[in-house]
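Each remark here refers to the structure printed beneath this line.
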Number of protein chains: 2
Amino acid sequence: MASEQKSPLTQKRIVHAALAVADRDGIHSISMRTLATALDAGTMSLYNHIRNKDELIDAMVEDIAATIERPEPGADWKQGVRQIAVSTRTVLHRHPWAVEVWSARIPGPQRWTLMEAILDQLASAGLPDDLTDLGLHAVLNHVLGHTRQELAAVRSNPGTHVQDLAAELDAERFPHVIDHLRYHAEDHPTHDSFLFVLDLILDRLDGMARRHGTGTAH
Amino acid sequence: MASEQKSPLTQKRIVHAALAVADRDGIHSISMRTLATALDAGTMSLYNHIRNKDELIDAMVEDIAATIERPEPGADWKQGVRQIAVSTRTVLHRHPWAVEVWSARIPGPQRWTLMEAILDQLASAGLPDDLTDLGLHAVLNHVLGHTRQELAAVRSNPGTHVQDLAAELDAERFPHVIDHLRYHAEDHPTHDSFLFVLDLILDRLDGMARRHGTGTAH
DNA sequence: CTCATGTCACGTACACCGTACGTATCGATG
DNA sequence: CATCGATACGTACGGTGTACGTGACATGAG
């Protein structure tokens with residue numbers, strides 16, 4: 001009657017279980033004990049497949065980084081970078097906990113590959129070294145920073161609603177803020193500040209690349 | 001011989017002590033026990049002045065938010081917003097731990113005031129409601145997001161150096177990344193992507209405000 | 001002066017955390 | 001059969017945030 005073979009623990013099984021928990025309840029509700037219980041295993045068994053909790057989280061981040069879309073080779077560089085940027089944002093929205101740890105640790109292969117892809121696109125634009133550097137940081141910081149901010153705004157305190165905040169504020173000191181919060185409470189078809197800034201950056205880089213390429217600077 | 005009067009515990013004294021610890025060792029090395037020890041007090045005594053650890057951190061953030069420079073009234077709106085943005089970044093660089101918790105919780109009075117100031121400047125630019133909304137998010141997300149990213153890059157793993165990272169990477173898979181890391185190891189006079197993007201945003205908003213103001217939209 | 005009341009410092013205790021370490025089980029190989 | 005390596009597991013340690021009860025003390029009322 002050995003019909004109840006438990007499928008053996010693997011790094012992949014652990015990471016996937018952790019992803020499921022984090023997507024549902026946030027990264028902070030992962031503890032080695034609860035995770036092991038969810039996997040129907042002893043707490044310390046996990047350590048046969050994972051060095052420690054930090055590396056588990058690294059592995060989780062790498063796992064979702066692998067799902068970010070890359071442009072096919074030969075694509076227009078601006079479209080290519082834009083695709084990576086938008087896809088990164090989409091993926092991070094799907095895993096809201098991830099952006100909090102994304103930049104806190106050294107990248108793994110998947111994230112290096114992503115960075116390589118962006119640099120590759122920028123290089124094909126013909127930007128000089130210093131502007132490639134500028135462009136990479138502008139794009140990366142925008143994507144991760146902006147996404148983090150919008151996620152924090154949504155999720156910062158689960159129970160509270162925007163209109164409750166407005167009600168607690170002193171109308172004399174914060175008239176504009178109250179207007180702004182009310183504006184958000186009604187849901188206007190709002191401009192997307194993520195794409196707004198992203199395209200500002202890309203268009204400007206494009207302009208600088210053309211100026212540099214034709215040698216007619218200034 | 002009552003010369004050893006211990007100065008009484010106050011919220012202010014606790015917050016300042018916590019700030020000193022956080023600035024030196026990071027937010028994670030603050031625990032209620034170590035903090036109390038640093039103040040030469042019992043752990044639970046702190047709770048007479050502070051509801052819980054989260055509110056202590058809120059108070060710390062508010063304390064440093066108060067040090068951000070605001071424009072004097074009547075200033076040019078673009079310069080005004082720029083000043084707040086730059087000063088916010090400077091202050092966050094002075095307290096690197098703060099940006100990690102900045103957006104994670106609901107703002108207090110100081111941060112509402114800051115938001116009010118930005119909205120006030122944008123309003124004086126004559127932008128319509130939807131563009132004010134766009135501008136606020138573009139600016140706020142840029143300032144906090146970008147600053148968080150640059151701080152994370154610097155501080156993510158204290159021991160490691162850039163050139164060590166480059167040495168570990170596969171030269172065939174990550175040629176651009178390795179170049180980029182090497183480029184950073186030599187210290188070039190690098191463009192400031194923070195100001196680059198900030199000015200892109202402000203100039204564009206300015207352009208839209210003018211178009212809107214003169215009624216000659218497209 | 002006496003006593004009540006409120007404020008604040010402190011110690012203890014609890015539940016939970018990550019994980020070092022020792023041990024037991026089991027399949028593969030000699 | 002004996003051995004060995006990989007894996008699962010239990011126990012235990014030092015850390016965390018904080019609920020709760022106690023006791024010192026200052027202040028004000030009678």
Side-chain angles (χ1 to χ4, degrees), chain A residues 1-22 24-61 97 100-101 104-106 156-159, chain B residues 1-22 24-61 97 100-101 104-106 156-159:
Chain A
M1 300 290 190
S3 71
E4 305 211 359
Q5 291 271 17
K6 282 199 293 189
S7 60
L9 239 35
T10 46
Q11 155 138 0
K12 190 187 290 188
R13 241 166 58 81
I14 296 175
V15 169
H16 284 3
L19 283 174
V21 174
R24 186 161 22 87
D25 304 326
I27 190 75
H28 288 112
S29 49
I30 290 188
S31 85
M32 299 305 274
R33 279 178 239 267
T34 61
L35 183 58
T37 308
L39 284 161
D40 200 25
T43 306
M44 294 314 289
S45 307
L46 305 183
Y47 285 86
N48 287 312
H49 307 273
I50 269 160
R51 199 179 307 269
N52 54 43
K53 193 185 183 183
D54 275 354
E55 294 210 354
L56 167 63
I57 291 175
D58 283 351
M60 293 166 65
V61 170
W97 52 269
E100 292 178 33
V101 287
R105 310 196 23 99
I106 292 174
S156 65
N157 286 56
Chain B
M1 297 287 192
S3 71
E4 303 212 0
Q5 291 271 18
K6 281 201 292 189
S7 57
L9 238 34
T10 45
Q11 155 136 1
K12 189 188 289 189
R13 241 166 57 82
I14 296 174
V15 169
H16 284 3
L19 282 174
V21 174
R24 186 161 23 87
D25 303 327
I27 190 74
H28 288 113
S29 49
I30 289 187
S31 85
M32 300 304 274
R33 280 180 238 271
T34 61
L35 184 57
T37 308
L39 282 162
D40 200 24
T43 307
M44 294 315 290
S45 307
L46 305 183
Y47 285 85
N48 288 313
H49 307 273
I50 270 160
R51 199 179 306 270
N52 54 44
K53 194 185 182 183
D54 275 354
E55 294 211 353
L56 166 63
I57 291 175
D58 282 351
M60 293 166 66
V61 170
W97 52 269
E100 292 178 33
V101 287
R105 310 195 25 98
I106 292 174
S156 64
N157 286 58

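Throughout, a chain's letter reflects where its sequence line sits, starting with A, and its residues are numbered from 1. Because only heavy atoms are used, hydrogens play no part in the values below, and waters and symmetry mates are left out as well, while side chains stay in.
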Exercise. Can a side chain N or O of A:Ser31 be found less than 4.0 Å away from OP1 or OP2 on C:dC17?
Worked result: yes

Exercise. Using a cut-off of 4.0 Å between protein heavy atoms and nucleotide atoms, how would you tag nucleotides 18-27 of chain D 5' to 3' with B, S and -?
Worked result: BBB-------

Exercise. Do A:Ile57 and A:Ile30 come close enough that some side-chain heavy atom pair is under 4.5 Å?
Worked result: no

For this session: Indicate, with a heavy-atom threshold strictly under 4.0 Å, whether B:Ile30 touches base, sugar-phosphate, or nothing.
Result: sugar-phosphate

For this session: Mind calculating the distance between CZ (A:Arg13) and C1' (D:dT7) to the nearest angstrom?
Result: 14 Å

Exercise. Within the structure, does a side-chain N or O atom of B:His49 lie under 4.0 Å from either OP1 or OP2 of C:dT7?
Worked result: no

Exercise. Rounded to the nearest Å, what distance is computed from the CD atom of residue B:Glu55 to the P atom of nucleotide D:dG17?
Worked result: 15 Å

Exercise. For A:Asn48 and D:dT7, what is the distance between atoms CG and P respectively, to the nearest whole Å?
Worked result: 7 Å

For this session: Taking the side chain as every heavy atom from C-beta outward, state whether A:Leu46 and A:Leu39 have any pair of such atoms under 4.5 Å apart.
Result: yes

Exercise. Between C:dC17 atom P and A:Leu46 atom CG, what is the distance in whole Å?
Worked result: 13 Å

Seminar exercise, completed: A:Asn48 meets the side-chain hydrogen bond (donor to acceptor under 3.5 Å, both in side chains) criterion, sequence neighbours left out, with none

Exercise. Do A:Met60 and A:Val101 come within less than 4.5 Å of each other through their side chains, counting heavy atoms only?
Worked result: no

For this session: Could you pull out all residues at least two apart from A:Ser31 that satisfy side chain to side chain contact (heavy atoms under 4.5 Å, CB included)?
Result: A:Arg33, A:Thr34

Exercise. To the nearest Å, how far apart are B:Gln11 CD and C:dT7 P?
Worked result: 17 Å

Exercise. Whole-Å distance between D:dG17 C1' and B:Ile50 CD1?
Worked result: 14 Å

For this session: Please name the pair of heavy atoms, one in A:Arg105 and one in A:Asp58, separated by the smallest distance, quoted to 0.1 Å.
Result: NE-OD1, 2.6 Å

Exercise. Does the side chain of A:Trp97 reach to within under 4.5 Å of the side chain of A:Val61, using non-hydrogen atoms?
Worked result: yes

For this session: Round to a whole Å and report the spacing from CD1 of A:Ile14 to C1' of D:dC9.
Result: 14 Å

Problem set entry | Rounded distance (Å) that lies between atom P of D:dG17 and atom CD1 of B:Ile27 | 11 Å

